[in-house]
Each structure stands twice: as C-alpha cells, then as structure tokens.
Amino acid sequence: MTTLRIRLLASIPALLIAGAAHAQVPQADATSATDPTEAAAPEDIVVTGVAQGRNRLDTSVSVSSLDADLTAKIPPRNTAEILRNLPGVRVEASGGEGNANISVRGLPVASGGSKFLQLQEDGLPVLEFGDIIFGNADIFIRNDLSLARIESVRGGSASTFASNSPGGIINFISKTGEQDGGSFQLSSGIDYREYRADFAYGGHIDAQTRYELSGFYRLGDGPRDVGYDAMRGGQIKANITREFDRGYVRVYGKYLDDRSIAYLPNPVRVTGSDGEPTYQNIPGFSINEDTLHSRYIGSVLTLDGNNNPVRRNIGDGMHPVVKSVGFEGQYEIADGWNVTERFRYSDISGDFVSPFAAAVGDAQTTANGFAGAGAQLYYASGPLSGQRIANPGTVGGNGLLASVVLFDVDLKSLNNITNDLRVNGKVDLGGGALSIAAGIYNSRQDVKTDWLWTSFFQTVQGDGRSVLVDIRNAAGVSQTAGGTLYSASFFGNCCRRSYDMRYTTNAPFAQLGFEVGRLNIDGSLRYDFGSAKGSIAGDLPGAVTTRAQDINGDGVLSVAEQTVGFIPNNRTGIDYDYSYLSYSAGVNYRLSDTLAAFARYSRGGRVNADRLLFGPTINLQTGGLVNGSKPYDFVKQAEGGLKFSSGPIGLYATVFNARTQETNYLLSQQQFTSRDYEATGVELEGRFRRGPFSLSAAGTYTDATITRDATDATLNGNRPQRQAAFVYQATPQLDFGRVSFGANVIGTTSSYTQPVNQLKMPAYTQVNGFLLVRAADNVSFNLNANNIFNVKGITEAEDAAIPSNQLVRARSINGRTIAASVRFDF
C-alpha cells in the first residue's frame with residue numbers, strides 16, 4: 001500500500017486557484033458537474049475543477065498529496081510533523097501542537113510561522129497571514145479522523161492560487177460522507193501520558209444527500225512530562241452536501257477548543273567549537289524530553305489589556321477557540337462552464353502563554369547580578385516553598401537558574417471572513433482547447449491581541465518539577481514577589497502592547513490555458529489590493545510602560561510592585577492602503593507516453609501584517625506608511641524539470657531559483673530586518689511499488705544566501721539562519737493484508753543558528769516506525785514509535801555562538817514516544 005499518493009493538478013483553474021476545497025475525479029460525462037469526492041484519483045491522472053481528468057504528465061503545476069493513511073499509521077505528535085513528508089517543504093516541528101516554522105524551497109524563515117506559505121482548511125485560509133505574532137496558523141488546525149488528505153502546491157504557481165502565498169499552499173481537506181460508515185478510535189501513550197478518543201461517521205441520507213460528522217477529545221501531559229493536563233480539549237466538525245443535476249451545495253461547521261504546550265527554547269549545554277558543536281543534556285534536564293513548564297508554576301498575576309489585575313493560567317498554553325461556519329457550492333451554467341462559490345466565517349480567539357528563557361546561568365551569580373552581592377535565594381513554590389536555598393550551587397541538581405519572560409498574549413480576536421467566487425470553463429478550438437478561469441477573492445482578518453508579559457526566576461529541572469525562586473538582597477528584603485516580577489524585566493521591560501487591527505484583502509484573478517497536441521501553456525494574473533486600519537498602543541518610542549502599583553491589593557508597595565508593566569493609553573491610529581500584481585506562466589511538453597518536461601516563472605507578493613507595526617515602516621505620527629515604504633514583499637521564482645511515470649515507478653525532478661525581498665520583525669531579538677535572499681536548488685521525489693513493498697521518498701537540496709542586508713553588510717553572502725543544504729524523507733513499508741509495518745525517516749543536514757554563520761545545529765535523522773494489525777475486517781491495532789532512536793534534533797537556537805558558560809537556548813524535536821491505538825470501523 002502506498003503511503004503517500006502524489007497527485008498533480010492540471011492547470012491554474014484547478015483545485016487551488018480560487019481556494020477550492022476538493023478536486024473532482026474524471027467523469028464519463030464531462031458535461032455534468034458533480035460534487036468532488038475524497039476518493040483518490042488514479043496516480044497517473046490529474047484532476048481539475050471542471051470534472052475533466054488529465055494525465056499528470058500533461059501539466060506544469062505540481063501538487064503533492066498525503067493520504068490520511070500516513071497519519072493513521074504514524075500518528076504525528078503535532079500537526080506540523082506530518083507536513084515534513086511533503087517534498088520541498090521545510091518544517092521546524094519542535095514547537096508543540098502549533099507554533100511551527102514552515103517554509104518551502106529555500107524561502108526564508110527569519111522569524112516564526114509560515115510567512116510565504118499559506119495553510120488552508122477545505123480550500124480557504126485558516127488565517128489570512130500565517131505569521132501573526134503568537135497567532136501562527138497551525139495553532140488553529142488539528143489532524144483527526146475527519147482528514148481525507150493534505151495537498152500542497154510548491155513553487156511559483158501558488159502566487160496566483162491564493163493571496164499571500166507566493167511560496168506555496170498546504171490544504172487540509174476534510175471527508176464529506178462519500179463513503180457510508182464510520183470509525184471509532186482509542187489511543188494512549190505507552191511511555192508518556194496522553195489519552196485520546198476519535199470518531200468519524202458519514203454517509204448518505206438519500207441518493208443526493210450525504211453528511212460527515214467527526215471529532216476528538218484528549219487529555220494528558222503530552223509527549224513531555226509536565227505533571228499536569230497540558231493537553232486537554234478537542235474538536236467537532238460536521239458537513240452536509242446536497243447534489244443536484246448541475247451541481248451541489250455544502251454547508252459545514254467546526255468547533256475547536258483545545259489546549260496544548262508551546263515549547264519555546266530551553267537550555268542545553270554545548271561544547272566543542274561553533275563549527276563542530278556537541279549538544280548535551282544538562283544534569284536533570286533533557287533538551288528533547290523536558291520543558292520549563294511545571295506543575296509547581298501554575299499561574300501569574302499581571303494586568304490585563306485594560307490594566308486591571310488578572311491572574312493568568314500558564315497551563316492554558318496555546319489555547320485556540322475556533323467557531324466557524326461555511327458554505328460551498330458549484331453550478332454548471334453551460335456545458336463545461338461552472339460557477340463555484342466558497343464562503344467561511346470564523347470566530348477565533350484564545351491564548352498563547354509559555355515561558356521563554358531569556359537567560360540561563362549559575363544560580364548565585366544570577367541572583368547577585370539581580371539583587372547585588374550576597375543575594376539570598378528561597379524556594380517560592382513546590383514542596384519546599386518558603387525555605388532558604390542553603391547551597392545554590394546544587395539547586396535543581398545542576399546549580400542553574402533561568403531568568404524567564406512569560407510570553408503571555410490574550411488573543412482577543414483573530415476573526416476572519418473569506419469569500420471566493422469564480423467561473424471556469426473550456427473552449428474547443430478544433431485543433432486545440434482553451435481553458436479560462438476568472439474570479440474574485442475577498443477576506444477580512446482581525447488582529448486584536450494584548451501582550452501581558454511578566455518575568456520570574458525558576459530552577460532548571462525536568463519532569464515537571466521546576467519551581468519558582470525568590471531572590472532577596474543581602475539584607476533579606478525580597479526583590480521579587482514569590483519569584484515573580486510584574487513586568488518583562490529580562491526583556492528590557494519591552495512588549496506591553498495592544499493591537500486592534502483589521503486587514504482587508506481583495507483579489508480579482510484570471511487565467512488562460514492553451515492545449516494542443518503534446519503542448520500545454522498557461523498564464524495567470526492576480527491583483528491584490530486592500531487596507532490596514534485600526535490602532536496600536538504600548539512600547540512606542542518615548543512611551544513609559546511600567547509604573548508603581550499595588551497589584552496584589554494588600555495595601556503595601558513591595559519592591560516588585562515598583563515596576564509593574566502596563567499598556568499606556570497612547571493609542572496610535574493606523575490607516576494605509578496597498579496594491580500589487582502577481583503573475584505566473586508555465587509550459588509543459590509531453591516528450592513520450594512516460595516522460596514530460598516543464599518550466600515556469602512567477603512573481604508573487606505577500607502583505608506584511610502586524611509584524612510591520614511598532615517598526616520603521618510605519619509613520620507613528622500619521623499612522624500611514626513612511627514615504628517609499630511598501631507593506632509587502634515579493635518573491636520571484638523560476639523552476640523547471642522532468643517527470644517520469646510508468647506503472648509502479650514515478651520519478652520527478654525540479655530545479656528552482658527563488659529571489660525574495662523581505663522585511664520582518666524578529667521577536668526574541670527585538671529587531672526589524674530588511675533583507676534580500678536567493679535560493680537555488682533541486683527537488684527530487686519518487687515512488688516505487690512491487691508486491692507488498694512500497695517506497696515513497698523525496699529530497700531537496702538548497703543553496704541559499706543573504707544577498708543584501710540593509711543594516712549589516714557583513715551578513716551579505718551568508719546562509720540564512722536554520723536553512724539546511726539538504727532535507728529528505730523516505731517511507732518504506734510492507735503490506736501483507738492483515739499485517740502492515742514500516743518506517744518513516746526524516747532528516748536534515750546541518751544549519752546555522754543565526755545569519756552570522758557561527759554556531760551550527762548538527763545534522764540529524766529521525767526514524768519513526770509502525771506496526772498495524774488488522775485483527776478483523778473492522779478492528780485494527782496500531783503500535784507506533786516516534787523518534788525511535790531518541791535523537792536530539794535541534795531546529796533553532798537563540799545564541800549566535802557558544803557563550804562562555806556553554807549554555808545555549810534551543811528547541812529540539814520531541815524525544816522517543818511510543819503509542820498504541822485500537823480502531824473500530826463500522
């Protein structure tokens with residue numbers, strides 16, 4: 001059984017140009033419009049949105065697909081992990097159930113999220129912008145039994161598929177009740193505590209009406225022991241489809257309320273040299289199995305967005321609350337001509353709360369640096385709370401203290417409304433055919449968030465046993481409130497901020513495709529225009545963001561209460577407009593029945609949203625753009641390659657070049673950047689099947705450089721941070737009917753932590769495995785292991801070089817976890 005089924009869409013009016021949710025399979029009668037299904041098309045057939053199949057060798061638009069089969073056999077520990085199996089896609093899946101950094105074909109990931117690559121759910125964007133600060137799009141999507149497949153567009157053709165997606169699109173496509181029946185699944189961690197129940201049921205009400213209902217609920221620590229239910233919540237999705245003679249209509253909804261940990265950089269000891277480092281666990285703390293989250297550090301006292309005292313729960317972690325409803329319909333207005341409408345409204349809110357280690361060092365040295373020579377340390381939480389730490393050199397088993405900033409953000413509203421209307425069809429020209437598509441896309445995206453940061457000192461301990469540490473001066477006067485400071489003291493008292501923004505996007509688009517004999521040519525345009533309106537408040541130039549306040553209400557101003565972070569009432573209005581043009585053109589020639597060649601050139605734009613605010617691009621006096629500034633970035637891409645498909649073998653090679661101009665805000669470094677990048681490389685993918693054995697594999701080589709840095713010319717010519725030269729994946733498996741087993745191998749070569757190109761992150765290979773036993777026709781048991789060899793896969797680090805104390809703050813993939821599940825199909 002092939003784990004990855006790779007499909008290619010036929011042309012620009014295909015699945016994703018207007019954010020289509022599903023592809024249609026070939027029909028015997030091409031004149032009748034029928035509803036798309038989640039059934040897999042034959043591997044050598046590509047599908048369009050007009051019910052006409054085409055061989056995949058006849059098109060220059062490449063789309064890869066992951067069947068839900070892969071996630072069933074090797075369930076990912078977070079949603080982003082599964083995306084590492086997509087060719088050309090680079091995923092730093094070390095942030096937990098969200099907060100991943102995702103890019104494609106060498107495009108930069110200077111900060112976080114998926115800036116140049118859009119995540120979609122059923123053909124419409126999860127969020128209009130994939131890198132909203134503390135609101136990355138992958139936080140608001142979950143993988144469960146509702147998933148039919150995941151499709152991705154790579155390369156420049158995505159520039160006109162959707163707005164703000166010049167690098168690519170990843171689309172999570174839901175089941176729609178095409179097959180009658182359902183499933184119920186119970187899962188449990190074997191060596192970690194997490195329990196989960198999933199269900200899905202769908203089918204036909206009558207010959208023209210079908211439905212799908214699915215969901216999950218889970219509870220537990222998650223893949224790292226924290227001592228409390230860090231993973232808790234679930235999701236319900238439903239849709240109903242009505243078919244008629246010339247089309248279909250569908251309504252659907254989703255409710256997501258889930259909590260999970262956001263793993264931020266943790267301390268790790270690094271020895272050796274910057275160029276050949278060795279990453280080692282700190283005594284009592286494992287970089288790939290532990291986190292600074294703890295059962296003994298549950299909540300903090302701070303001020304909310306209205307500057308009123310509030311207690312915030314660290315256990316809320318990444319807490320998305322999504323309530324969405326949508327409509328989808330298609331109608332054949334004439335033979336081969338269809339109108340398709342898609343609309344969705346999503347009410348999105350929640351929280352992002354997670355500790356960030358601003359510094360890690362010797363406990364006594366840290367205390368002296370904060371409270372002066374002779375500083376005293378006391379336990380402030382946990383079983384020894386209130387006791388003095390007699391020997392700070394042994395605290396936590398390693399003598400270390402972390403100076404932590406709590407990234408605490410109230411996601412008040414990330415609501416969005418999206419609408420996509422299009423018409424497409426084909427004109428027979430006798431010796432050839434002309435395909436035409438046109439439409440308009442509209443969206444409105446809110447970014448309304450309050451940053452409520454605080455700070456505290458804590459021990460560096462794993463297994464959820466870290467505790468707060470109170471620091472007193474030599475005279476015994478506490479300088480903290482039970483280890484806590486009421487501002488982001490370790491971050492320069494930065495980042496008491498409030499955003500109340502609304503971004504509108506409008507984009508008419510059009511495409512022409514011409515097919516004659518073995519030749520296919522297509523070209524498309526997309527014109528984006530929109531506005532940013534609202535206001536911001538906080539640490540603007542000259543603003544005071546701390547004050548003395550009796551925050552705990554005891555009538556006494558303690559030392560910690562002399563510096564309480566608040567959001568000043570200095571709101572600045574923001575109001576500017578933008579517009580830009582994206583285009584793409586491609587050609588494909590069928591060399592033989594099994595071989596084709598293609599080429600494409602594209603230019604795509606991406607609007608910068610909240611990451612521009614508080615920066616040099618915005619005129620804080622007028623709220624508009626600084627003269628000459630543009631609120632968008634361009635990506636220019638050229639690609640070409642060969643495709644071979646014959647029976648059980650498929651081989652595909654693409655050479656690409658991408659040039660990117662980017663402005664960005666690097667949160668952890670409090671730095672605005674303006675850089676140009678260039679990436680050249682080759683992407684290889686293939687499949688093979690013989691008898692019970694199948695293999696899917698892909699690899700991407702990328703030579704990426706910073707060609708211009710506006711503020712630091714010494715970076716010119718350097719490799720972008722975290723950009724490996726080669727990333728790869730392979731999934732071999734054997735399927736004997738009742739028993740299937742296999743592996744999923746994912747790896748990367750080394751990369752640099754920062755653009756100065758000093759400290760390296762070593763190469764690593766992660767091996768996952770599974771054993772699936774079908775005990776009966778409707779009962780199966782699955783045993784799966786993630787990261788079997790427990791490798792430390794460092795994906796990012798804050799430090800540019802090994803510091804004198806050899807303590808680096810970094811993120812690693814999760815260590816080995818083993819889980820089991822039983823599934824009942826009915």
Side-chain angles (χ1 to χ4, degrees), residues 71 75-82 93-100 126 134-136 138-147 184-200 214-237 254-264 289-300 310-324 347-355 381 406-411 414 462-466 786 814-815 817-821:
T71 64
R77 301 301 183 249
N78 58 64
T79 303
E81 281 189 358
I82 191 64
S94 56
E97 188 68 77
N99 198 35
V126 176
F134 299 108
N136 294 355
D138 65 324
I139 294 174
F140 304 93
I141 193 167
R142 293 291 184 268
N143 171 53
D144 61 13
L145 294 181
S146 69
L147 183 69
F184 178 70
Q185 179 173 292
L186 295 173
S187 308
S188 174
I190 301 299
D191 57 352
Y192 67 102
R193 193 177 72 90
E194 183 173 340
Y195 311 102
R196 176 167 169 150
D198 287 75
F199 77 92
S214 61
F216 78 90
Y217 187 83
R218 64 175 174 179
L219 189 70
D221 290 57
R224 305 191 186 199
D225 184 12
V226 293
Y228 63 91
D229 290 328
M231 308 291 188
R232 62 189 190 279
Q235 172 176 269
I236 295 177
K237 294 173 65 176
K254 164 181 164 180
Y255 177 67
L256 169 66
D257 188 347
D258 190 32
R259 291 172 174 84
S260 63
I261 283 181
Y263 299 118
L264 297 180
E289 296 177 326
D290 289 321
T291 171
L292 291 175
H293 295 82
S294 170
R295 71 198 79 186
Y296 301 126
I297 308 176
S299 64
V300 293
V310 63
R311 185 161 289 278
R312 298 279 291 173
N313 186 1
I314 298 175
D316 282 342
M318 290 183 290
H319 178 204
V321 179
V322 181
K323 292 168 277 189
S324 67
D347 183 302
I348 303 174
S349 60
D351 302 281
F352 186 106
V353 190
S354 188
S381 68
L406 186 67
F407 288 169
D408 181 0
V409 179
D410 183 3
L411 305 174
L414 297 180
D463 299 328
R465 295 181 293 112
S466 180
N786 198 298
N814 289 324
T817 52
I818 303 173
S821 65

Side-chain contact test, heavy atoms from C-beta onward, threshold under 4.5 Å: evaluate it for [X] versus [Y] and give yes or no.
{"X": "R312", "Y": "D351", "answer": "yes"}
{"X": "V353", "Y": "L406", "answer": "yes"}
{"X": "R218", "Y": "S260", "answer": "yes"}
{"X": "H293", "Y": "P355", "answer": "yes"}
{"X": "R142", "Y": "P320", "answer": "yes"}
{"X": "Q185", "Y": "R196", "answer": "no"}
{"X": "P223", "Y": "M231", "answer": "yes"}
{"X": "I82", "Y": "N143", "answer": "no"}

Nearest heavy atoms of [X] and [Y], plus distance in Å:
{"X": "F134", "Y": "I139", "value": "O-CD1, 4.0 Å"}
{"X": "N313", "Y": "S299", "value": "CA-CB, 4.2 Å"}
{"X": "M318", "Y": "G96", "value": "CE-C, 4.3 Å"}

Between [atom1] on residue [X] and [atom2] on residue [Y], distance to nearest 0.5 Å:
{"X": "H319", "Y": "D257", "atom1": "NE2", "atom2": "CG", "result": "4.0 Å"}
{"X": "S294", "Y": "L292", "atom1": "OG", "atom2": "CG", "result": "9.5 Å"}
{"X": "S214", "Y": "Q235", "atom1": "OG", "atom2": "CD", "result": "7.0 Å"}

Q. Is the cationic atom of R224 (NZ for Lys, CZ for Arg) positioned less than 6.0 Å from the six-membered ring centroid of Y263 and within 45 degrees of its normal?
A.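 Yes, R224 and Y263 form such a contact.
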
**Q.** K237 bridged to D144 by N-O distance under 4.0 Å
**A.**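 Salt bridge flag = no for D144 with K237.
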
